[in-house]
Asker: 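Have a look at this one.
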Amino acid sequence: MLKREVIQELIEIVGSANVYSAKEDLLCYAGDATFGFPAILPAAVVKPASAEEVSRILRLANRQLVPVVPRGAGTSLSGGAMPVQGGIVLETTRMNRILEIDTDNLLAVVEPGVIAAKFHQTVEQMGLFFPPDPGSLAFSTLGGNVAVCAGGLRGLKYGVVKDYVLGLEVVMPWGGIVNTGGRTVKNVTGYDLTRLMVGSEGTLGVITKIIFKLLPLPAASRSMLAIFDNLNNAGETIAAIIRNKIIPATLEVMDNTTIRAVEAAAKIGLPVDAEAILLVEVDGAEQVVEEDLKKVIDICRAYQAKEIKIAHTPEEKAQVWSARRNAYGSLAKINNTILVEDATVPRSKVPEMISFLVETAKRNNLIIATLGHAGDGNLHPCIVFDRDDPDTVHRVEKATEEIFRKGLGLGGTLSGEHGIGIGKKRFLHWEAGDEGIEAMARIKAALDPNNILNPGKVFSKDRGVKQ
Amino acid sequence: MKPHNPEVWYREAIKCSKCGVCRSVCPVFAQLNHETLVARGKMTLIEALLQQQQEFSPRLQEVLSLCLVCKTCTVNCPSGVPIDQLVTRARTAFATKPLPWGKRLVFSLVRRHSLMNACLRLAGKLQKAAFKLKPDGQGMMPRLPLGISRRRLLAPLAGKAFVDRQPHKTAGGIKVAFFAGCMINHIYHSVGTAVLEVLQAGGVEAIVPREQACCGTPIAANGDRASAAELARHNILELAKSEVDGVVVACASCGCTLKNDYIELCAEYYPDLVGKAQELSKRVYDITEFYQKYLGHLQLINEVPLRATYHDPCHLLRGQGISKEPRQVIKLIPGINFIEAADAGKCCGSGGSFSLRHYDLAVKLNDEKMETLINTGADTVVTGCPACMMHISDGSARTGIGIKVLHTVELLALSVRK
C-alpha cells in the first residue's frame, strides 16, 4: 500500500481523474499479454500527460522509494509491463499526439502513446513509410514498440525499430529530462544514449518523445503464396531466394500444424497434408517488383512447390494473406492457452529449427505450431495447451527450455522482438554470460541507484536456470 | 452442457489471452481509454469474480454497465471468447440486488405484457405532462427529472399498442407472424405499419399475435435472465400457437434474441423448450432477409427521391450477420441515391439503457456516428433497428442537422404503396 500522502501527491501532479487506486483498476493493470506469471497488484495507476509530469512522478518515487512501471497498451509478451514489485504503474497513453511529420527531412516526431497503426496510416497517406509492423500494430503504442525494439514482418528487408529511431526525449530514472540523438541521420555527439534506451524495456528511462526516420512509400508491391509437400524444400527455397539477391519485404513460413489449424477454423481451402506454406511479398519500383516476383516463382518451382498462388488484385492479396491473418486466432481456439515464443536463429538455420520444433512437440506430447518470419530467422513457435493441467504446464516449460537451448546452439538469440522482461530472465546468462549481466547491472545501478524503474526485469543477480 | 454452470463460464473467460485486440475495436474504450473498461479488463474482473477473488462491488457494477453489448469485441476476438455473453451474465449476478426503482417498475411491467400495453396507452395520453414536444414535432424531451437526462430526445409513445390495433391480418400465400417488439409496439407504429404493408403487397398472409410480449433483450442485458427466460417461454409458446411458416421482425435486437438467445435461455431455465426454441430460431427472419427470400417479385412502383446512407445496427450486423440484404433492398428502390458511410458498422452509442445511464458517453459516441453520416451528404439515414432510430434521431436533433431517419422497411413501403 502507498502512503496516503503519496497518492495525494500523485493527484496534485496529474489530477484526480488520472490516478486510480480502486482494487478493480489495480487488478486490470497488474497484467499484460503475458501468460503464466501471477498478477501482483500495483498500489496506484497514474496517467501523466507530459514529460514534466513524468519527471515529477519519478522524483516523488525516488523520495518515497516506490517502484514505477512504465506501460503503453500493455501488450507485452514477456511481462514487461507487469508491476512485479508493486508500486506505481505509469501509463503513457495520454501522450498520444503526432507532433510533426517533416517531409523535407523524412522524419516524424511523436509522443509515446500514439497507436502504431494510426502512425502508419498517417504517414502512408503522405506517401511515406514506417516499416516496423509488429503483430500488435493495431493496438500497441509506439513508446512500447521503442521500449522493446519491436520488429514485425518486414525485418529482413527493412530492419526493426532501432533502425528508425533518430532521437528521443527520455525522463531518466531520477527525474531528469534528457534529449538523445536528434534530427539528423549522422550524429556521433557523445554516447549513443538513443540506442541504449531502445529495447531497455522501461528499466532505464520513460520515453516521452520519439524522432523517427521515415522512408518513401514503395511504389509497388506484390504478394504470393507457395505450398510445399516437404519442409526441407521450403527451407531450401528461403535460402535460394536470398542467395539470388532478392530481398523480399516479407518472407513468412507456416508449418503443417498451423496449416491444419487454419483450415479447420477458417476453411479457406489449404491442403492439410502440406508441410509448409511460404508467403512472400516483394516491394519497390514497379519494374523491379515484377522481375523479383518472377524470379521468386521460378525458385519455388525449382524446389518443387506443389502450388503457387499469385495475387493480382487487392482482393487476391487479401486472400493470399488470409491464411497468415487467421493463424493466431485459429490456433488460440484449439485450447484455452497459447504461448507465443520468439527464439530467433540465423536465417540459414530456419529449416533445422523448424524440424527441431516438430520433434520437440512429439517428444513432449504437445501441440507446437510454427509460424514466423522465416526471412529474418524469427520463428514464433506457438504452444497450445490447457493451463489447468499441471502436467501439461510442466511439459510446456520443459519444451520452452529445449527450444531456447537449441536456438542458442544454432547461433541464435533468446528473443527476436518480444523482449526478456520476466519471461526469459532466468535464461539470460546463457546468452549474455555472467560478465554480460554484470555490465547490464552496472549500467542499471549507475542510472537508477534506487532501482525505481521497472525493477525485477531483464536480469537478476541470481544465476537462474542452469545451462 | 449446463450453460449456467459457473465452471463452464470460467472455462470461457480464461480463453481470453489478454492479447489486447479489443483495445483497437471497443467504442467505449475509444472514448474512455482505460484498461479496466475494455473487454480484456472486464474479462480479468469476471475471471476473478468466478474464482471468488472479486466481490460484487459498486466499481465492478459500474465497469460492467459501461458496455454497449455491441459485440464488436466478440466478433474480433482471436480467441473466440463470448465476451458480450460473459458481461451480461456477470450483470445477472448483480440482478439479485435491488435495481433502481425506475428499472424495477419497467421490468415488472415488461413481464406482464397486457398490463404494460394498458399502462403505456395511458402513459401515451399523459406524456405531455412529463415531456415537452420539440417544436418540429420530431420527438420530445423530459420536463421533469425522471432519472433520464433532460437533454435526451425521446420518441413519443404511440398510445394504444400496435398489437392492439385491428385489423391485423393480411391475406396471402405464405403465412407469417409479425413480432413487433416493444419499440415498434409502443413508439414506432410507422415501422410496424410499413412491415404489414410490404407483406400485404407481396401477397403474404401476416398475423400480429396479440399476446406477444417483450422479447426480453433489455431485461437480459441488465442481468435479469430468469425474467428474460419467462418471456422467452411465453413468446415461444405464443408463436408456436399461431402456426405460421415464419416469424418476421423489424427490430435488430428482437431478431437477434429470437434467433440466438432463446435457445440459451431455455437451456438454462426451460430445458424442455430447447427444441422449440431451435425450431423458432430457424423460422425467424429480419424483414430485409425475408424480402430477399420471399418478396423478390414485389413491384417497386414509386420513386423515392432521397440521398440515403445506411447505419448497421450492432444486433443486425454482428448479432445476425446481416449487412448485404438491407443495402441491396435500399439500392433496388427507384430514385434512391445511396452513399455508403465510413465505419457504417460502428455502434451508434445507444446500447439500450446504456444511453440513459451514460448519456454523456452515448452522446460522444453518437457525435462520431453523426459526423460519418453527415459526411456522406445524405439527407436520410436508413437503419434496421428502432433503438438506433431513436438514438440517431436524438443526434440529429442535438446537432441541428435535421437528417431524416427511416427504417429500411419504411423506405420499401414508400416504394410499394399504391
Side-chain angles (χ1 to χ4, degrees), chain A residues 17-18 20-35 39 45 47 71-77 81-82 89 91 93-94 96 113 115-118 135-141 144 265 325-340 382 384 386-388, chain B residues 7-26 29-51 53-66 72-82 90 342:
Chain A
N18 298 304
Y20 295 83
S21 55
K23 192 194 148 212
E24 289 78 4
D25 294 291
L26 301 179
L27 185 58
C28 294
Y29 278 90
D32 53 25
T34 312
F35 165 76
V45 176
K47 301 183 182 182
R71 176 185 174 105
T75 57
S76 169
L77 291 168
M82 294 178 76
V89 169
E91 192 185 89
T93 58
R94 283 180 69 216
N96 62 355
I115 301 299
K118 190 189 162 202
S136 57
L137 188 72
F139 41 98
S140 62
T141 64
R325 251 200 341 270
N326 281 306
Y328 181 81
S330 308
L331 290 167
K333 286 180 189 106
I334 295 176
N335 210 320
N336 61 27
T337 308
I338 178 164
L339 183 68
V340 185
C382 298
V384 187
D386 176 4
R387 72 168 80 167
D388 287 333
Chain B
E7 174 64 20
V8 173
W9 290 106
Y10 174 73
R11 304 283 305 174
E12 295 290 348
I14 65 163
K15 277 188 194 160
C16 171
S17 66
K18 312 291 188 289
C19 66
V21 166
C22 45
R23 288 177 68 102
S24 62
V25 298
C26 172
F29 178 75
Q31 295 298 330
L32 300 175
N33 181 35
H34 190 57
E35 180 69 50
T36 318
L37 304 176
V38 80
R40 177 169 71 167
K42 288 177 179 129
M43 291 305 102
T44 302
L45 293 174
I46 288 172
E47 197 183 316
L49 190 69
L50 288 164
Q51 288 179 301
Q53 289 165 358
Q54 165 69 44
E55 59 271 27
F56 296 109
S57 62
R59 174 66 176 150
L60 178 61
Q61 188 163 25
E62 186 190 9
V63 168
L64 291 172
S65 80
L66 283 162
T72 314
C73 55
T74 306
V75 299
N76 283 290
C77 176
S79 303
V81 181

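Keep in mind that this is a model prediction, so the values were computed, not measured. Below, chains carry the letters A, B, ... as their sequence lines are ordered, and counting in each starts from 1.
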Asker: Taking C-beta and beyond as the side chain, do A/Glu24 and B/Glu62 meet within less than 4.5 Å on heavy atoms?
Answerer: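 When only atoms from C-beta onward are counted, B/Glu62 and A/Glu24 do not touch, as no gap falls below 4.5 Å.
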Asker: What closest approach, in Å, do A/Ala332 and B/Ser79 show between heavy atoms, and which atom pair accounts for it?
Answerer: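 Smallest heavy-atom distance, with atoms named: CB-OG, 3.7 Å.
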Asker: Kindly give the heavy-atom pair with the smallest separation between B/Arg11 and A/Asn336, and that separation in Å.
Answerer: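 Result for this residue pair: NH2-ND2, 3.6 Å.
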Asker: Taking the side chain as every heavy atom from C-beta outward, state whether A/Lys23 and B/Gln54 have any pair of such atoms under 4.5 Å apart.
Answerer: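 Sidechains of B/Gln54 and A/Lys23: in contact.
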Asker: Could you tell me which non-hydrogen atom of A/Ala138 sits nearest to which non-hydrogen atom of B/Ser24, and how far apart they are?
Answerer: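 Result for this residue pair: O-CB, 3.3 Å.
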Asker: Once you round to the nearest 0.5 Å, how far does CD of B/Gln53 lie from CG of A/Leu27?
Answerer: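 The CG atom of A/Leu27 is 8.5 Å from CD of B/Gln53, to the nearest 0.5 Å.
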Asker: Less than 4.5 Å to any heavy atom of chain B: does that hold for the side chain of A/Asn18, its backbone, both, or neither?
Answerer: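 For A/Asn18, no heavy atom lies under 4.5 Å from chain B.
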Asker: Quick check on A/Ser136 against chain B: is it the side chain, the backbone, both or neither that has a heavy atom closer than 4.5 Å?
Answerer: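 A/Ser136 has no heavy atom closer than 4.5 Å to chain B.
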Asker: Please test A/Asp388 against B/Tyr10 for side chain to side chain contact (heavy atoms under 4.5 Å, CB included), starting from the C-alpha separation and ending with a verdict.
Answerer: CA-CA 11 Å; A/Asp388 287 333; B/Tyr10 174 73; 3.9 Å; yes
Asker: Could you pull out the closest heavy-atom pair between B/Pro78 and A/Lys333, with the gap in Å?
Answerer: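 Minimum heavy-atom contact is O-NZ, 3.3 Å.
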Asker: Nearest 0.5 Å please: distance from the OG atom of B/Ser17 over to the CG atom of A/Leu331.
Answerer: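 Interatomic distance, B/Ser17 OG to A/Leu331 CG, rounded to 0.5 Å: 11.5 Å.
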Asker: Could you tell me the separation between the NZ atom of B/Lys18 and the OG1 atom of A/Thr75, rounded to the nearest 0.5 Å?
Answerer: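 Atom-to-atom, B/Lys18:NZ and A/Thr75:OG1 are 14.5 Å apart.
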Asker: Less than 4.5 Å apart, any side-chain heavy atom of A/Lys47 and any of B/His34?
Answerer: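 Yes, their side chains come closer than 4.5 Å.
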Asker: Below 4.5 Å, heavy-atom pairs only: which of A/Phe35, A/Tyr29, A/Tyr328 has the largest tally toward chain B?
Answerer: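 Option with the greatest count: A/Tyr29.
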Asker: What verdict does the side chain to side chain contact (heavy atoms under 4.5 Å, CB included) test give for B/Glu35 and A/Val89, after you've listed the backbone C-alpha separation in whole Å, the side-chain angles of each residue and the deciding distance to 0.1 Å?
Answerer: CA-CA 12 Å; B/Glu35 180 69 50; A/Val89 169; over 6 Å; no
Asker: Select, from A/Ala73, A/Gly135, A/Ser330, the one with the greatest count of heavy-atom pairs under 4.5 Å involving chain B.
Answerer: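 Ranked by contacts with chain B, first place is A/Ala73.
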Asker: If you tally heavy-atom pairs under 4.5 Å against chain B, which of A/Ala265, A/Gly74, A/Ser140 wins?
Answerer: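 Heavy-atom pairs under 4.5 Å are most numerous for A/Gly74.
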Asker: Indicate the atoms forming the closest heavy-atom contact of B/Ile14 with A/Arg387, along with that distance.
Answerer: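 Residues B/Ile14 and A/Arg387, closest heavy atoms: O-NH2, 2.6 Å.
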Asker: Counting only heavy atoms closer than 4.5 Å, note whether B/Cys16 contacts chain A via side chain, backbone, both or neither.
Answerer: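 Just the backbone, heavy atoms under 4.5 Å.
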Asker: Side chain, backbone, both or neither: which part of B/Val21 has an atom under 4.5 Å from a heavy atom of chain A?
Answerer: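 Both backbone and side chain.
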Asker: Restricting to non-hydrogen atoms, name the atom on B/Leu45 and the atom on A/Cys28 that form the minimum distance, rounded to 0.1 Å.
Answerer: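 Smallest interatomic distance, heavy atoms only, reads CG-SG, 3.7 Å.
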